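Here the structure is a predicted model, which means the values were calculated and not measured. Protein chains get the first letters and strands the later ones, always in sequence-line order, with residue 1 at the start of each.
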Amino acid sequence: MNGCRVKIKDKSFGEMSVIHDLEFEILSDAFISLVGPSGAGKSTLLNILSGLDTEFDGSLEWVDGGPGCVSYVFQDPRLMPWLSVRENIELVMKDAHDDSSWVDHLLRRVELHERADAFPGQLSGGMQRRVALARAMAIKPDILLLDEPFSSLDAPTAASLRELVLDLWRDHSSAVILVTHNLNEAVELADQILFLSKGPASIIHQEALNPSRIDPEVVRDPDRMTRDLLNCQPEILSGIAVVDGRNYKSANER
Amino acid sequence: MLQGSNWGRWLFLSVFLCIWQIAAYLLESNQLPGPLAVMQSLWSHLTDGDLLVSVAVTLRRVVLAFTIAMLAGILVGFLMGRFPLIDTILDGVLIMGLNIPALVVIILCYVWFGLVEAAAVAAVAINKMPLVAVTVREGVRAIDHQLLQVGEVFRVPLLRRLVHIYLPQLYPYLMAAARSGLSLIWKIVLVVELLGRSDGVGFQLNTFFQFFDITSILAYTLAFVFVIYSIESLLMRPLENYLTRWRS
(Lines give C-alpha, C1' and ligand atoms only; values in the text may rest on other atoms or scores of the structure.)
Protein backbone atom coordinates (compact mmCIF):
# COMPACT_ATOMS: atom_id res chain seq x y z
CA MET A 1 0.00 0.00 0.00
CA ASN A 2 1.31 3.45 -0.89
CA GLY A 3 -1.13 5.30 1.28
CA CYS A 4 -4.70 6.47 1.62
CA ARG A 5 -6.18 9.92 1.54
CA VAL A 6 -9.16 10.31 3.86
CA LYS A 7 -11.65 12.99 2.85
CA ILE A 8 -14.85 13.18 4.86
CA LYS A 9 -17.06 16.15 4.08
CA ASP A 10 -19.80 15.11 6.45
CA LYS A 11 -20.96 12.18 8.52
CA SER A 12 -24.25 12.57 10.33
CA PHE A 13 -26.56 10.43 12.42
CA GLY A 14 -29.96 11.91 11.59
CA GLU A 15 -29.74 15.64 12.23
CA MET A 16 -26.55 15.41 14.26
CA SER A 17 -23.30 15.96 12.38
CA VAL A 18 -20.54 13.81 13.91
CA ILE A 19 -17.66 14.50 11.50
CA HIS A 20 -17.30 17.63 9.38
CA ASP A 21 -14.60 18.54 6.83
CA LEU A 22 -12.00 16.08 8.01
CA GLU A 23 -9.02 15.36 5.76
CA PHE A 24 -5.73 13.61 6.35
CA GLU A 25 -3.32 11.25 4.68
CA ILE A 26 -2.22 7.84 5.89
CA LEU A 27 1.25 6.95 4.62
CA SER A 28 2.26 3.31 4.35
CA ASP A 29 4.39 3.16 7.51
CA ALA A 30 2.76 5.95 9.50
CA PHE A 31 1.78 5.67 13.15
CA ILE A 32 -0.97 8.22 13.58
CA SER A 33 -2.79 8.90 16.80
CA LEU A 34 -6.20 10.54 16.86
CA VAL A 35 -6.70 12.39 20.13
CA GLY A 36 -9.94 13.99 21.12
CA PRO A 37 -12.53 14.22 23.86
CA SER A 38 -15.25 11.63 24.35
CA GLY A 39 -17.99 11.96 21.75
CA ALA A 40 -15.64 13.53 19.20
CA GLY A 41 -16.51 10.90 16.59
CA LYS A 42 -13.23 8.99 16.87
CA SER A 43 -14.83 5.53 16.79
CA THR A 44 -17.14 6.64 13.96
CA LEU A 45 -14.05 7.64 11.99
CA LEU A 46 -12.52 4.18 12.58
CA ASN A 47 -15.78 2.53 11.49
CA ILE A 48 -15.58 4.50 8.23
CA LEU A 49 -11.93 3.56 7.68
CA SER A 50 -12.67 -0.11 8.39
CA GLY A 51 -15.57 -0.22 5.95
CA LEU A 52 -18.15 -0.89 8.67
CA ASP A 53 -19.79 2.45 7.99
CA THR A 54 -20.18 3.36 4.33
CA GLU A 55 -22.87 6.01 4.67
CA PHE A 56 -20.91 9.24 4.66
CA ASP A 57 -20.28 12.14 2.33
CA GLY A 58 -16.68 11.86 1.19
CA SER A 59 -14.15 9.32 0.00
CA LEU A 60 -11.24 7.10 0.90
CA GLU A 61 -8.73 7.49 -1.92
CA TRP A 62 -6.24 4.63 -2.06
CA VAL A 63 -3.05 5.69 -3.80
CA ASP A 64 -2.47 2.36 -5.57
CA GLY A 65 -6.10 1.82 -6.48
CA GLY A 66 -7.06 -0.08 -3.30
CA PRO A 67 -9.07 -0.73 -1.29
CA GLY A 68 -6.28 -1.74 1.04
CA CYS A 69 -6.47 -4.44 3.67
CA VAL A 70 -7.68 -2.91 6.94
CA SER A 71 -7.90 -4.64 10.30
CA TYR A 72 -9.35 -3.45 13.54
CA VAL A 73 -8.64 -3.92 17.24
CA PHE A 74 -11.88 -2.91 18.88
CA GLN A 75 -12.20 -1.25 22.27
CA ASP A 76 -13.21 -4.61 23.75
CA PRO A 77 -11.44 -7.70 22.39
CA ARG A 78 -14.56 -9.14 20.67
CA LEU A 79 -13.21 -12.69 20.56
CA MET A 80 -15.56 -15.56 19.78
CA PRO A 81 -15.90 -17.19 23.23
CA TRP A 82 -16.62 -20.61 21.68
CA LEU A 83 -13.41 -20.66 19.63
CA SER A 84 -9.95 -21.33 21.02
CA VAL A 85 -7.22 -18.70 20.81
CA ARG A 86 -5.81 -20.35 17.66
CA GLU A 87 -9.26 -20.72 16.07
CA ASN A 88 -10.03 -17.05 16.76
CA ILE A 89 -6.95 -16.06 14.80
CA GLU A 90 -7.57 -18.61 12.02
CA LEU A 91 -11.18 -17.42 11.66
CA VAL A 92 -10.14 -14.19 9.91
CA MET A 93 -7.39 -15.66 7.74
CA LYS A 94 -7.93 -16.46 4.09
CA ASP A 95 -6.35 -19.90 4.27
CA ALA A 96 -5.37 -20.78 7.81
CA HIS A 97 -4.43 -24.38 7.01
CA ASP A 98 -1.77 -23.36 4.52
CA ASP A 99 -0.43 -20.70 6.82
CA SER A 100 -0.28 -22.41 10.21
CA SER A 101 3.34 -21.33 10.67
CA TRP A 102 2.18 -17.69 10.48
CA VAL A 103 -0.36 -18.38 13.25
CA ASP A 104 2.39 -20.04 15.31
CA HIS A 105 4.64 -17.03 14.73
CA LEU A 106 1.92 -14.61 15.86
CA LEU A 107 1.10 -16.70 18.92
CA ARG A 108 4.76 -16.70 19.93
CA ARG A 109 4.93 -12.96 19.21
CA VAL A 110 2.09 -12.25 21.65
CA GLU A 111 3.48 -14.88 24.06
CA LEU A 112 0.38 -17.04 23.94
CA HIS A 113 1.65 -20.09 22.05
CA GLU A 114 1.24 -22.20 25.18
CA ARG A 115 -2.38 -21.08 25.54
CA ALA A 116 -3.30 -21.66 21.88
CA ASP A 117 -6.01 -24.18 22.76
CA ALA A 118 -7.50 -22.14 25.61
CA PHE A 119 -10.87 -20.46 25.24
CA PRO A 120 -11.04 -16.65 25.70
CA GLY A 121 -12.99 -17.07 28.95
CA GLN A 122 -9.95 -18.82 30.41
CA LEU A 123 -7.67 -15.84 29.69
CA SER A 124 -7.05 -12.58 31.55
CA GLY A 125 -8.17 -9.24 30.06
CA GLY A 126 -4.62 -8.44 28.96
CA MET A 127 -4.22 -11.84 27.28
CA GLN A 128 -7.52 -11.38 25.44
CA ARG A 129 -6.27 -8.02 24.10
CA ARG A 130 -3.10 -9.74 22.90
CA VAL A 131 -5.19 -12.34 21.05
CA ALA A 132 -7.22 -9.52 19.47
CA LEU A 133 -3.95 -7.90 18.39
CA ALA A 134 -2.64 -11.17 16.94
CA ARG A 135 -5.94 -11.66 15.12
CA ALA A 136 -5.68 -8.16 13.64
CA MET A 137 -2.12 -8.84 12.45
CA ALA A 138 -3.06 -12.25 11.04
CA ILE A 139 -4.38 -10.77 7.80
CA LYS A 140 -1.15 -8.78 7.29
CA PRO A 141 -3.05 -5.48 7.12
CA ASP A 142 -2.05 -2.36 5.23
CA ILE A 143 -3.71 -0.32 7.94
CA LEU A 144 -4.20 -1.41 11.55
CA LEU A 145 -6.91 0.45 13.45
CA LEU A 146 -6.66 0.52 17.24
CA ASP A 147 -9.65 1.86 19.17
CA GLU A 148 -8.45 2.67 22.69
CA PRO A 149 -6.96 -0.81 23.05
CA PHE A 150 -5.22 -0.02 26.34
CA SER A 151 -8.17 1.43 28.20
CA SER A 152 -9.49 -0.53 31.20
CA LEU A 153 -6.15 -2.32 31.61
CA ASP A 154 -3.93 -1.96 34.65
CA ALA A 155 -0.81 0.17 34.09
CA PRO A 156 1.82 -2.62 33.73
CA THR A 157 -0.41 -4.64 31.34
CA ALA A 158 -1.15 -1.53 29.27
CA ALA A 159 2.58 -0.70 29.12
CA SER A 160 3.53 -4.19 27.92
CA LEU A 161 0.74 -4.10 25.33
CA ARG A 162 1.96 -0.71 24.06
CA GLU A 163 5.42 -2.23 23.71
CA LEU A 164 3.94 -5.14 21.77
CA VAL A 165 2.05 -2.80 19.41
CA LEU A 166 5.28 -0.94 18.67
CA ASP A 167 7.19 -4.18 18.07
CA LEU A 168 4.54 -5.51 15.69
CA TRP A 169 4.42 -2.19 13.85
CA ARG A 170 8.20 -2.18 13.40
CA ASP A 171 8.17 -5.78 12.15
CA HIS A 172 5.20 -5.75 9.82
CA SER A 173 5.24 -2.36 8.06
CA SER A 174 1.56 -1.60 8.50
CA ALA A 175 0.23 1.89 8.97
CA VAL A 176 -1.34 2.25 12.41
CA ILE A 177 -4.18 4.55 13.46
CA LEU A 178 -4.52 4.69 17.22
CA VAL A 179 -7.58 6.34 18.72
CA THR A 180 -7.10 7.50 22.28
CA HIS A 181 -8.17 10.22 24.65
CA ASN A 182 -4.87 9.80 26.46
CA LEU A 183 -2.32 12.30 25.15
CA ASN A 184 0.54 10.65 26.98
CA GLU A 185 -0.19 7.38 25.20
CA ALA A 186 -0.32 9.13 21.82
CA VAL A 187 2.99 10.87 22.45
CA GLU A 188 4.63 7.62 23.50
CA LEU A 189 3.61 5.74 20.37
CA ALA A 190 2.78 7.92 17.42
CA ASP A 191 4.76 9.81 14.76
CA GLN A 192 1.90 12.13 14.14
CA ILE A 193 -0.93 13.25 16.39
CA LEU A 194 -4.18 14.59 14.99
CA PHE A 195 -6.21 16.55 17.51
CA LEU A 196 -9.95 16.36 16.92
CA SER A 197 -12.43 18.97 18.07
CA LYS A 198 -15.44 18.04 20.13
CA GLY A 199 -18.17 16.97 17.69
CA PRO A 200 -18.64 17.45 14.85
CA ALA A 201 -15.08 16.16 14.58
CA SER A 202 -12.56 18.03 12.48
CA ILE A 203 -8.81 18.29 12.82
CA ILE A 204 -7.92 21.37 14.84
CA HIS A 205 -4.22 20.69 15.18
CA GLN A 206 -1.58 18.31 13.85
CA GLU A 207 1.69 17.56 15.57
CA ALA A 208 4.49 15.64 13.92
CA LEU A 209 6.71 14.02 16.53
CA ASN A 210 10.35 13.04 16.37
CA PRO A 211 10.51 9.96 14.15
CA SER A 212 13.67 8.80 15.96
CA ARG A 213 11.33 6.70 18.07
CA ILE A 214 11.35 4.21 15.19
CA ASP A 215 14.84 3.35 16.42
CA PRO A 216 14.17 1.23 19.52
CA GLU A 217 17.50 2.32 21.00
CA VAL A 218 16.26 5.86 21.35
CA VAL A 219 14.08 6.07 24.41
CA ARG A 220 11.41 8.71 24.43
CA ASP A 221 10.36 10.69 27.41
CA PRO A 222 6.61 10.92 26.84
CA ASP A 223 6.07 12.86 30.06
CA ARG A 224 8.40 15.64 28.98
CA MET A 225 7.13 15.65 25.39
CA THR A 226 3.54 15.88 26.54
CA ARG A 227 4.43 18.74 28.82
CA ASP A 228 6.21 20.56 25.99
CA LEU A 229 3.30 19.98 23.65
CA LEU A 230 0.79 21.37 26.13
CA ASN A 231 3.02 24.37 26.83
CA CYS A 232 3.36 25.17 23.13
CA GLN A 233 -0.31 24.81 22.22
CA PRO A 234 -2.23 25.68 25.38
CA GLU A 235 -5.23 27.32 23.69
CA ILE A 236 -5.71 24.52 21.22
CA LEU A 237 -5.08 21.58 23.47
CA SER A 238 -6.65 22.88 26.64
CA GLY A 239 -9.71 20.83 27.40
CA ILE A 240 -8.99 18.20 24.76
CA ALA A 241 -6.36 15.99 26.24
CA VAL A 242 -6.76 13.85 29.27
CA VAL A 243 -3.28 12.94 30.35
CA ASP A 244 -3.13 9.66 32.17
CA GLY A 245 -4.52 11.05 35.40
CA ARG A 246 -1.33 13.01 36.05
CA ASN A 247 -2.94 16.42 35.52
CA TYR A 248 -0.52 18.12 33.19
CA LYS A 249 -1.23 21.81 33.10
CA SER A 250 -0.83 24.12 30.18
CA ALA A 251 1.28 27.26 30.51
CA ASN A 252 -1.80 29.45 30.93
CA GLU A 253 -3.02 27.46 33.87
CA ARG A 254 0.21 27.70 35.88
CA MET B 1 -24.48 -33.38 45.07
CA LEU B 2 -24.86 -35.31 41.81
CA GLN B 3 -24.80 -38.63 43.64
CA GLY B 4 -27.39 -37.23 46.05
CA SER B 5 -29.75 -36.26 43.23
CA ASN B 6 -29.35 -39.71 41.58
CA TRP B 7 -30.11 -41.39 44.88
CA GLY B 8 -33.25 -39.28 45.24
CA ARG B 9 -34.32 -40.17 41.71
CA TRP B 10 -34.01 -43.92 42.33
CA LEU B 11 -35.79 -43.62 45.68
CA PHE B 12 -38.68 -41.78 44.02
CA LEU B 13 -38.89 -44.38 41.24
CA SER B 14 -38.90 -47.26 43.75
CA VAL B 15 -41.61 -45.64 45.89
CA PHE B 16 -43.69 -44.91 42.77
CA LEU B 17 -43.43 -48.55 41.57
CA CYS B 18 -44.35 -49.86 45.04
CA ILE B 19 -47.42 -47.61 45.25
CA TRP B 20 -48.43 -48.63 41.71
CA GLN B 21 -48.06 -52.34 42.51
CA ILE B 22 -50.00 -52.04 45.79
CA ALA B 23 -52.78 -50.01 44.10
CA ALA B 24 -53.03 -52.60 41.31
CA TYR B 25 -53.14 -55.45 43.83
CA LEU B 26 -55.87 -53.75 45.90
CA LEU B 27 -58.04 -52.75 42.91
CA GLU B 28 -57.69 -56.09 41.10
CA SER B 29 -58.92 -54.43 37.91
CA ASN B 30 -57.94 -54.83 34.26
CA GLN B 31 -57.92 -51.06 34.06
CA LEU B 32 -54.87 -50.79 36.28
CA PRO B 33 -52.41 -53.61 35.71
CA GLY B 34 -49.39 -53.64 38.03
CA PRO B 35 -45.81 -52.89 36.93
CA LEU B 36 -44.92 -56.59 36.89
CA ALA B 37 -47.78 -57.39 34.49
CA VAL B 38 -46.73 -54.45 32.30
CA MET B 39 -43.12 -55.69 32.23
CA GLN B 40 -44.32 -59.18 31.25
CA SER B 41 -46.43 -57.67 28.46
CA LEU B 42 -43.46 -55.56 27.32
CA TRP B 43 -41.28 -58.68 27.13
CA SER B 44 -43.92 -60.59 25.20
CA HIS B 45 -44.36 -57.71 22.66
CA LEU B 46 -40.58 -57.53 22.36
CA THR B 47 -40.19 -61.25 21.66
CA ASP B 48 -43.14 -61.24 19.25
CA GLY B 49 -41.36 -58.48 17.32
CA ASP B 50 -44.39 -56.18 16.90
CA LEU B 51 -43.08 -53.66 19.42
CA LEU B 52 -39.70 -53.18 17.72
CA VAL B 53 -41.29 -52.88 14.26
CA SER B 54 -43.88 -50.36 15.48
CA VAL B 55 -41.31 -48.26 17.35
CA ALA B 56 -38.99 -48.32 14.31
CA VAL B 57 -41.80 -47.18 11.98
CA THR B 58 -42.80 -44.38 14.36
CA LEU B 59 -39.19 -43.39 14.93
CA ARG B 60 -38.64 -43.07 11.18
CA ARG B 61 -41.64 -40.72 10.92
CA VAL B 62 -40.40 -38.73 13.91
CA VAL B 63 -36.91 -38.34 12.44
CA LEU B 64 -38.26 -37.31 9.02
CA ALA B 65 -40.79 -34.81 10.39
CA PHE B 66 -38.27 -33.48 12.91
CA THR B 67 -35.62 -32.91 10.23
CA ILE B 68 -38.04 -31.16 7.87
CA ALA B 69 -39.52 -29.00 10.64
CA MET B 70 -36.10 -28.01 11.99
CA LEU B 71 -34.61 -27.16 8.58
CA ALA B 72 -37.65 -25.19 7.41
CA GLY B 73 -38.10 -23.55 10.84
CA ILE B 74 -34.44 -22.51 11.06
CA LEU B 75 -34.52 -21.03 7.55
CA VAL B 76 -37.77 -19.11 8.09
CA GLY B 77 -36.81 -18.04 11.64
CA PHE B 78 -33.38 -16.86 10.48
CA LEU B 79 -34.84 -14.80 7.63
CA MET B 80 -37.52 -13.31 9.90
CA GLY B 81 -35.00 -12.40 12.58
CA ARG B 82 -32.54 -10.95 10.09
CA PHE B 83 -34.85 -9.06 7.73
CA PRO B 84 -37.67 -6.95 9.26
CA LEU B 85 -39.61 -6.90 5.97
CA ILE B 86 -39.83 -10.71 5.86
CA ASP B 87 -40.78 -10.66 9.54
CA THR B 88 -43.64 -8.26 8.82
CA ILE B 89 -44.87 -10.35 5.88
CA LEU B 90 -44.71 -13.74 7.60
CA ASP B 91 -45.60 -12.78 11.16
CA GLY B 92 -49.37 -13.21 10.61
CA VAL B 93 -48.91 -16.62 8.98
CA LEU B 94 -46.64 -17.69 11.82
CA ILE B 95 -49.15 -16.71 14.50
CA MET B 96 -51.81 -18.63 12.57
CA GLY B 97 -49.53 -21.65 12.31
CA LEU B 98 -48.83 -21.54 16.02
CA ASN B 99 -52.49 -21.51 16.98
CA ILE B 100 -54.24 -23.80 14.49
CA PRO B 101 -54.97 -27.06 16.36
CA ALA B 102 -52.73 -29.97 15.33
CA LEU B 103 -55.78 -32.09 14.61
CA VAL B 104 -57.05 -29.63 11.98
CA VAL B 105 -53.72 -29.71 10.12
CA ILE B 106 -53.65 -33.53 10.25
CA ILE B 107 -57.20 -33.86 8.90
CA LEU B 108 -56.58 -31.29 6.15
CA CYS B 109 -53.35 -33.03 5.07
CA TYR B 110 -55.12 -36.40 4.89
CA VAL B 111 -58.07 -34.90 2.99
CA TRP B 112 -55.91 -32.97 0.52
CA PHE B 113 -53.08 -35.45 -0.04
CA GLY B 114 -54.77 -38.76 0.84
CA LEU B 115 -53.96 -41.30 3.54
CA VAL B 116 -50.32 -41.58 2.48
CA GLU B 117 -46.98 -41.50 4.25
CA ALA B 118 -46.01 -38.09 2.85
CA ALA B 119 -49.23 -36.53 4.18
CA ALA B 120 -48.58 -38.00 7.63
CA VAL B 121 -45.01 -36.67 7.81
CA ALA B 122 -46.02 -33.29 6.32
CA ALA B 123 -48.83 -32.89 8.86
CA VAL B 124 -46.39 -33.40 11.75
CA ALA B 125 -43.72 -31.12 10.23
CA ILE B 126 -46.25 -28.33 9.54
CA ASN B 127 -47.45 -28.51 13.14
CA LYS B 128 -43.95 -28.17 14.52
CA MET B 129 -42.32 -25.75 12.09
CA PRO B 130 -43.83 -22.46 13.42
CA LEU B 131 -42.53 -23.16 16.93
CA VAL B 132 -38.99 -23.70 15.61
CA ALA B 133 -39.24 -20.53 13.49
CA VAL B 134 -40.36 -18.42 16.47
CA THR B 135 -37.56 -19.74 18.69
CA VAL B 136 -34.89 -19.21 16.03
CA ARG B 137 -36.23 -15.75 15.22
CA GLU B 138 -35.77 -14.74 18.87
CA GLY B 139 -32.27 -16.22 18.76
CA VAL B 140 -31.33 -14.23 15.67
CA ARG B 141 -32.68 -11.05 17.28
CA ALA B 142 -30.50 -11.68 20.32
CA ILE B 143 -27.32 -12.12 18.26
CA ASP B 144 -24.41 -9.95 19.36
CA HIS B 145 -23.90 -7.47 16.52
CA GLN B 146 -20.46 -6.54 17.76
CA LEU B 147 -19.30 -10.08 16.97
CA LEU B 148 -20.90 -9.85 13.52
CA GLN B 149 -18.85 -6.69 12.92
CA VAL B 150 -15.69 -8.75 13.43
CA GLY B 151 -16.75 -10.96 10.51
CA GLU B 152 -17.55 -7.88 8.45
CA VAL B 153 -14.30 -6.00 9.10
CA PHE B 154 -12.12 -9.03 8.44
CA ARG B 155 -14.23 -10.04 5.42
CA VAL B 156 -14.76 -13.55 6.75
CA PRO B 157 -16.43 -15.66 4.01
CA LEU B 158 -20.20 -16.10 4.42
CA LEU B 159 -20.16 -19.84 5.12
CA ARG B 160 -17.45 -19.46 7.77
CA ARG B 161 -19.41 -16.56 9.27
CA LEU B 162 -22.55 -18.72 9.47
CA VAL B 163 -20.74 -21.67 11.04
CA HIS B 164 -18.44 -19.86 13.48
CA ILE B 165 -20.22 -16.59 14.32
CA TYR B 166 -23.98 -17.01 13.77
CA LEU B 167 -24.59 -20.67 14.64
CA PRO B 168 -22.78 -20.79 18.01
CA GLN B 169 -24.92 -17.87 19.18
CA LEU B 170 -28.03 -19.76 18.07
CA TYR B 171 -27.12 -23.09 19.71
CA PRO B 172 -29.10 -22.50 22.94
CA TYR B 173 -32.16 -21.57 20.88
CA LEU B 174 -31.68 -24.50 18.49
CA MET B 175 -31.33 -26.92 21.40
CA ALA B 176 -34.49 -25.51 23.00
CA ALA B 177 -36.32 -25.82 19.66
CA ALA B 178 -35.02 -29.38 19.18
CA ARG B 179 -36.05 -30.49 22.68
CA SER B 180 -39.53 -28.98 22.60
CA GLY B 181 -39.78 -30.14 18.98
CA LEU B 182 -39.07 -33.77 19.77
CA SER B 183 -41.58 -33.91 22.62
CA LEU B 184 -44.29 -32.30 20.47
CA ILE B 185 -43.52 -34.42 17.40
CA TRP B 186 -43.75 -37.71 19.33
CA LYS B 187 -47.23 -36.78 20.47
CA ILE B 188 -48.45 -35.59 17.07
CA VAL B 189 -46.98 -38.59 15.22
CA LEU B 190 -49.06 -40.92 17.41
CA VAL B 191 -52.23 -38.99 16.60
CA VAL B 192 -51.36 -39.03 12.88
CA GLU B 193 -50.82 -42.80 13.02
CA LEU B 194 -54.00 -43.34 14.97
CA LEU B 195 -56.04 -41.38 12.42
CA GLY B 196 -54.65 -42.52 9.12
CA ARG B 197 -51.87 -45.12 9.15
CA SER B 198 -51.90 -48.89 9.37
CA ASP B 199 -48.64 -49.25 11.27
CA GLY B 200 -46.58 -47.57 13.99
CA VAL B 201 -47.05 -47.12 17.73
CA GLY B 202 -50.14 -44.92 17.27
CA PHE B 203 -51.86 -47.56 15.17
CA GLN B 204 -51.00 -50.28 17.72
CA LEU B 205 -52.30 -48.17 20.62
CA ASN B 206 -55.57 -47.73 18.73
CA THR B 207 -55.82 -51.52 18.30
CA PHE B 208 -55.18 -52.09 22.02
CA PHE B 209 -57.76 -49.42 22.80
CA GLN B 210 -60.36 -51.36 20.74
CA PHE B 211 -59.75 -54.39 23.00
CA PHE B 212 -59.33 -52.34 26.20
CA ASP B 213 -55.88 -53.92 26.53
CA ILE B 214 -54.51 -51.43 29.08
CA THR B 215 -51.51 -53.65 29.88
CA SER B 216 -50.26 -53.48 26.29
CA ILE B 217 -50.93 -49.73 26.12
CA LEU B 218 -48.79 -49.21 29.24
CA ALA B 219 -46.11 -51.61 27.90
CA TYR B 220 -45.88 -49.61 24.67
CA THR B 221 -45.80 -46.37 26.67
CA LEU B 222 -42.92 -47.73 28.73
CA ALA B 223 -40.99 -48.65 25.58
CA PHE B 224 -41.73 -45.22 24.23
CA VAL B 225 -40.40 -43.52 27.38
CA PHE B 226 -37.27 -45.66 27.13
CA VAL B 227 -36.63 -44.48 23.56
CA ILE B 228 -37.12 -40.81 24.54
CA TYR B 229 -34.71 -41.14 27.48
CA SER B 230 -32.18 -42.84 25.21
CA ILE B 231 -32.34 -40.01 22.67
CA GLU B 232 -31.95 -37.44 25.45
CA SER B 233 -29.01 -39.14 27.17
CA LEU B 234 -27.21 -40.57 24.12
CA LEU B 235 -27.75 -37.75 21.64
CA MET B 236 -29.09 -34.47 23.00
CA ARG B 237 -27.07 -34.17 26.21
CA PRO B 238 -23.68 -35.17 24.73
CA LEU B 239 -24.33 -32.81 21.81
CA GLU B 240 -25.20 -29.97 24.17
CA ASN B 241 -22.13 -30.68 26.33
CA TYR B 242 -19.92 -30.61 23.23
CA LEU B 243 -21.40 -27.37 21.90
CA THR B 244 -21.13 -25.57 25.23
CA ARG B 245 -17.76 -26.99 26.30
CA TRP B 246 -16.23 -23.50 26.15
CA ARG B 247 -18.47 -22.44 29.05
CA SER B 248 -16.90 -24.87 31.50
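- Residues of residues 164-189 of chain B that come within less than 4.5 angstrom of chain A, heavy atom to heavy atom, are B:His164, B:Ile165, B:Pro168, B:Gln169 in numerical order.
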Pairs of donor and acceptor atoms involving the side chains of residues 108-117 of chain A, under 3.5 Å and at least two apart or interchain, shall be tabulated with distances.
residue, atom, partner, partner atom, Å
A:Arg109, NE, A:Asp171, OD2, 3.1
A:Arg109, NH2, A:Asp171, OD2, 2.4
A:Arg115, NH2, A:Gln122, O, 3.4

Decide yes or no on side-chain contact (heavy atoms from CB on, under 4.5 Å) for A:Val70 and B:Val153, but give the supporting numbers first.
CA-CA 8 Å; A:Val70 180; B:Val153 166; 5.8 Å; no

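- Looking at B:Arg247, neither its backbone nor its side chain comes within 4.5 Å of chain A, counting heavy atoms on both sides.
- Contacts with chain B were tallied for A:Ser71, A:Gly51, A:Ala118; A:Ser71 has the most, counting heavy-atom pairs under 4.5 Å.
- Two residues are said to be in side-chain contact when any heavy atoms from C-beta on lie closer than 4.5 Å; A:Phe74 and B:Gln149 meet this criterion.
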Less than 3.5 Å apart, which donor and acceptor atoms pair up between the side chains of residues 72-79 of chain B and the rest of the protein, not counting sequence neighbours?
none

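- Contact annotation for A:Leu79: only backbone heavy atoms (N, CA, C, O) come within less than 4.5 Å of a heavy atom of chain B.
- Other residues, nucleotides and ligands contribute only 12 or fewer heavy atoms inside 6.0 Å of the CZ atom of B:Arg155.
- Contacts between residues 128-141 of chain A and chain B, defined by a heavy-atom separation under 4.5 Å, are made by A:Arg135, A:Ala136, A:Ile139.
- Among B:Asp144, B:Leu147, B:Val156, the residue with the largest count of heavy-atom pairs under 4.5 Å with chain A is B:Leu147.
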Evaluation steps, side-chain contact (heavy atoms from CB on, under 4.5 Å), between B:Val150 and A:Tyr72:
CA-CA 8 Å; B:Val150 173; A:Tyr72 201 154; over 6 Å; no

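- Heavy atoms closer than 4.5 Å to chain B are found in the side chain of A:Asp76, but not in its backbone.
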A:Trp82 vs B:Arg245, test: side-chain contact (heavy atoms from CB on, under 4.5 Å). Steps then yes/no.
CA-CA 8 Å; A:Trp82 44 84; B:Arg245 68 196 186 285; over 6 Å; no

